Amino acid sequence: MRTESRAITIVGGGLAGALLAILLARRGWSVDVFERRGDPRVEGYAGGRSINLALAERGLHALRQAGADEAVMRQAVMMRGRFVHPLQGTPGLQRYGRDDSEVIWSINRGELNIVLLQIAESHGARLHFDHRLERVDFVDHVAHFRRHDDDVAHPFESLVGADGAGSTLRAEMARVLPLGERTEWLDHGYKELEIPPDAHGGFRIEPNALHIWPRGHYMCIALPNDERTFTVTLFLPHTGPWPSFETVPDADAAQALFERDFPDALPLIPDLRKDYQANPVGNLATLYLDRWHIAGKAVLLGDAAHAMVPFHGQGMNCAFEDCVALAGHLERAPSRSAAFAGFEAQRKPDAEAIQRMALENYIEMRDKVDDAGYLLQRELELALQARHPDRFVPHYAMVSFMRIPYSQALHRSEVQRVILEDATRGLDSLDGVDWAAADAAVLAKLEPLHT
């Protein structure tokens, strides 16, 4: 019988792997992290997609647990809300929360990863770069990594898969035990562009916002960076009538698209033609698994367990919550097997809830944020929050500014959506709202929310 030590091997040195390494190393665990890429502190960041990350309270809480929040926040740019650019009409800011205490933060993925790796190493975690996982012997507890032309055999107590949506560890686990894996591909993709600084080195547009150009079944967004640029992401259907990536295949077509549908964004992106031609179309998918672990031998977290589309900005925040939860279970549970099972039981319903909310938020961002009915419901949402602050908390606030379980936020959001739809049906302003009926519905259907 194997005697469990306080040693753990993390596959993947990205955001979740690095954060988990900090949380465990700080608690006295012996931590090895194996990353297939080179050391970004030496070679520069060579990540995949670079869509900026939206850091919210869930992620911030995890960074506080790791003592990493101050170093990270030095690079963050506040986003107060969505700055909506309609095709017709006046652009304007739709706040996420009530004031500047309820905001999210734009952060560069590469800079964040480097900060976390540095802190993990400072607490004694051993970082192994240029090590690509090739196969796992779960009987003898040996993981085999490829380093250049060498096979590196690493004995392990337990493996944690933090190696992303294309997880090699997940594939190795599935050879031993079916995980019930299924991937649902979104029929939309994305392409990255950039808004550079202005002639004086400053931001070209309002920096403290997530900019959205909603156009029905497609959209463009822009997130600020601390170097005064914006990372721009164009989302289009892969195929179908114009515009889709199939019908906008090159720089000429992109120029025509922006002239017609994003005329105010066009002068902000001087390298539109070059970037459009050079940057690949990215794919978006939701990954579902029936199980995340094999006894006490291996467990998956973050994108390796539950990759989601990026439209709620919660992928990283959810992964960071996973790290805090797994570290807690490893500390409290009587065995690795119990820790992994408890972690999965706790987090799986919440991961499935935010995956669903992320898909729903794409429709909201591209189609509803400039819709009169949606804006009226948003106005009522804030009014009911003011009238019932302990019961009626807006959907976005529950997800981004609180740490209640995602599954609870989803359930309450569905109840609240019905209340909002009933109260605004047939109205074009709040003047006609039956406040007595709305208040009664809130009191009857929503228990006080204890955080």
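For this chain, numbers begin at 1 and follow the sequence in order. Remember, predicted model here, so these are calculated numbers, not experimental data.
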Under 4.0 Å between a side-chain nitrogen and a carboxylate oxygen: does that hold for [X] and [Y]?
{"X": "K348", "Y": "E352", "value": "yes"}
{"X": "K191", "Y": "D275", "value": "no"}
{"X": "D252", "Y": "R273", "value": "yes"}
{"X": "E381", "Y": "R378", "value": "yes"}
{"X": "K274", "Y": "E194", "value": "no"}

Any [X] side-chain heavy atom under 4.5 Å of [Y] side chain:
{"X": "L20", "Y": "D322", "value": "no"}
{"X": "Q65", "Y": "L19", "value": "no"}
{"X": "V309", "Y": "F235", "value": "no"}
{"X": "Q94", "Y": "L375", "value": "yes"}
{"X": "N113", "Y": "R37", "value": "yes"}
{"X": "V103", "Y": "Y96", "value": "no"}
{"X": "C220", "Y": "V232", "value": "yes"}
{"X": "L55", "Y": "L60", "value": "yes"}

Expected output: side-chain [X] to main-chain [Y] donor-acceptor under 3.5 Å:
{"X": "E246", "Y": "H238", "result": "no"}
{"X": "R412", "Y": "R391", "result": "yes"}
{"X": "R170", "Y": "A165", "result": "yes"}
{"X": "E134", "Y": "R146", "result": "no"}
{"X": "D198", "Y": "G201", "result": "yes"}
{"X": "Q355", "Y": "L287", "result": "yes"}
{"X": "S413", "Y": "A409", "result": "yes"}
{"X": "R204", "Y": "I269", "result": "no"}
{"X": "D39", "Y": "F129", "result": "no"}
{"X": "E102", "Y": "G97", "result": "no"}

**OP:** Could you walk me through whether K445 and E414 pass salt bridge (Lys or Arg N to Asp or Glu O under 4.0 Å), step by step?
**Re:** CA-CA 11 Å; K445 297 178 180 179; E414 290 172 336; over 6 Å; no
With under 30° as parallel and over 60° as perpendicular, where do the rings of [X] and [Y] fit, or are they tilted in between?
{"X": "H128", "Y": "F34", "answer": "parallel"}
{"X": "F262", "Y": "F258", "answer": "tilted"}
{"X": "H131", "Y": "F145", "answer": "perpendicular"}

Subject >> Pair E344-R291, salt bridge (Lys or Arg N to Asp or Glu O under 4.0 Å): steps then yes or no >> reply: CA-CA 8 Å; E344 180 187 302; R291 60 180 301 132; 5.4 Å; no
Within this structure, what is the [atom1]-[atom2] distance for the pair [X] and [Y], rounded to the nearest 0.5 Å?
{"X": "F203", "Y": "N208", "atom1": "CZ", "atom2": "CG", "value": "7.5 Å"}
{"X": "I354", "Y": "C318", "atom1": "CD1", "atom2": "SG", "value": "7.0 Å"}
{"X": "D151", "Y": "H144", "atom1": "CG", "atom2": "NE2", "value": "6.0 Å"}
{"X": "Q277", "Y": "D250", "atom1": "CD", "atom2": "CG", "value": "6.0 Å"}
{"X": "I419", "Y": "T424", "atom1": "CD1", "atom2": "OG1", "value": "11.5 Å"}
{"X": "I10", "Y": "C323", "atom1": "CD1", "atom2": "SG", "value": "8.0 Å"}

Give the table of side-chain donor-acceptor pairs shorter than 3.5 Å for residues 400-408, with sequence neighbours excluded, one pair per line with atom names and distance.
| from | atom 1 | to | atom 2 | distance (Å) |
| --- | --- | --- | --- | --- |
| R403 | NH1 | H61 | NE2 | 3.4 |
| Y406 | OH | Q314 | OE1 | 2.5 |
| S407 | OG | D350 | OD1 | 2.6 |

Closest approach of [X] to [Y] (non-hydrogen atoms, all atoms of both residues):
{"X": "V248", "Y": "A254", "answer": "CG1-N, 3.5 Å"}
{"X": "P243", "Y": "P237", "answer": "O-CD, 3.6 Å"}
{"X": "I212", "Y": "P214", "answer": "O-CD, 3.3 Å"}
{"X": "H293", "Y": "V299", "answer": "CB-CG2, 3.9 Å"}
{"X": "L300", "Y": "S167", "answer": "CD2-OG, 4.0 Å"}
{"X": "P197", "Y": "T229", "answer": "CD-CG2, 3.6 Å"}

**OP:** Give the C-alpha distance, both sets of side-chain angles, the deciding distance and a yes or no for side-chain contact (heavy atoms from CB on, under 4.5 Å) between T247 and L236.
**Re:** CA-CA 10 Å; T247 57; L236 293 177; over 6 Å; no
Subject >> side chain to side chain contact (heavy atoms under 4.5 Å, CB included) partner of P224, the single match among E206, H211, M79 >> reply: M79
Original post:
Is the ring centre of H85 less than 6.0 Å from the ring centre of F83?
Top reply: yes
Subject >> Ring centroid separation H188 to Y362 under 6.0 Å >> reply: yes
Subject >> Between Q255 and E259, a side-chain donor and acceptor under 3.5 Å >> reply: yes
Original post:
Does a donor on one side chain sit under 3.5 Å from an acceptor on the other, for H312 and N317?
Top reply: no
**OP:** Starting from the C-alpha separation in whole Å, work towards a yes-or-no answer on side-chain contact (heavy atoms from CB on, under 4.5 Å) for L15 and F320.
**Re:** CA-CA 8 Å; L15 301 181; F320 280 6; 3.8 Å; yes
**OP:** Check the pair W213, D261 against side chain to side chain donor-acceptor pair (under 3.5 Å), reporting the backbone distance first and the verdict last.
**Re:** CA-CA 9 Å; W213 288 261; D261 288 357; over 6 Å; no
**OP:** Give a yes or no on whether R126 atom CZ has more than 12 heavy-atom contacts from other residues, nucleotides or ligands under 6.0 Å away.
**Re:** yes
**OP:** Tell me, yes or no, whether the heavy-atom count around R182 atom CZ, taken from other residues, nucleotides or ligands under 6.0 Å, exceeds 12.
**Re:** yes
**OP:** Carefully, step by step, assess D226 and N108 under the rule side-chain contact (heavy atoms from CB on, under 4.5 Å).
**Re:** CA-CA 8 Å; D226 61 345; N108 178 276; 5.5 Å; no
**OP:** Quick one: do M316 and L112 satisfy side-chain contact (heavy atoms from CB on, under 4.5 Å)? Show the steps, please.
**Re:** CA-CA 11 Å; M316 172 187 66; L112 175 56; 3.4 Å; yes
